[in-house]
Asks: 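What follows is a structure written as structure tokens; I'll ask about it next.
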Amino acid sequence: MPIGGLQKTSLIDYPGKISSVIFIAGCNLKCPYCHNSILIKGGFIPYKKNTIINFLQERINFIEGVVISGGEPTLYKKLEELCLQIKDLGYPIKLDTNGTNPDKIENLLQKKLIDYIAMDIKTAPNLYSPTFQEKAEPEKIIESIKLIKTSRIPYEFRTTCSKKIITADIMEKIARLIAGARLYSLQLFNDKETLNPDFFKNIKKNYGKKDLLNFKAIAEKTVKKCIIR
Ligand code: SF4
């Protein structure tokens, strides 16, 4: 399981906790706005798992939780083993996922190996292909959403809002899909570093705060809480 990065301290990645963030390299999606292209295309310096575990052991008095992010952590069988080792140290775990592997999510939930889950919803499930994945499987996205909504752990769904990807119609569809969700967060597309800059080439001006407020108003019709990050 390729570990491509470690953020030793974060105040924002695990709600309410000071956390360390482990970045797992590799992803099965190709989001045009992905900021972690080094984790997707390669070029990172890999960490040994033991280095990470030793680091977490030393930080027990300073860190309150561990975030496993990516890339896409659920691509790897060894994710369960990593979670077990982190749990053995006594840390709660937050998983960041794109939701394409509901079986893995279900397994981690059943075994109580994760304590918080954040799933990205890129667009309406039937629109993932071809922008996000050549052969997307919308039913898997829908299944992950159902699993997470009925899980007993805190969770959130998240969407990055960019022109050419999110419209008011699409936001309505997502809002219906996640109706009743405890938390939905929207964030502005940031064009500083993207996986596919050509995708955004002909967009003169991307969405601003006001557009996000409009999307928020749509989402608030169905979810319990919607925030802009
Ligand atoms: S944004 Fe996330 S899901 Fe999309 S390509 Fe990057 S790591 Fe994968």
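Both counts, for ligands and for their atoms, begin at 1 and track the order of listing. Quick note: residue numbers are just sequence positions, from 1.
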Asks: Can you confirm if the NZ or CZ of K164 lies within 45° of the ring axis of F199 and under 6.0 Å from the centre of its six-membered ring?
Replies: yes

Asks: Could you see which bit of K122 sits under 4.0 Å from ligand 1, with heavy atoms only: side chain, backbone, both or neither?
Replies: side chain

Asks: Determine, stepwise, if the pair S185 / R158 fulfils side-chain hydrogen bond (donor to acceptor under 3.5 Å, both in side chains).
Replies: CA-CA 5 Å; S185 67; R158 315 184 290 203; 5.4 Å; no

Asks: Are K17 and Y14 in a cation-pi contact, defined as NZ or CZ under 6.0 Å from the six-membered ring centre and within 45° of the axis?
Replies: yes

Asks: Around atom 8 (Fe) of ligand 1, list the protein N/O/S atoms within a radius below 2.8 Å, excluding water molecules.
Replies: C27 SG

Asks: Give me the one residue out of Q187, H35, K122 that meets side chain to side chain donor-acceptor pair (under 3.5 Å) with T160.
Replies: Q187

Asks: If you measure only the distance, is there a donor-acceptor pair under 3.5 Å linking the side chains of S129 and E134?
Replies: no

Asks: Do N214 and K210 have a side chain donor and acceptor closer than 3.5 Å?
Replies: no

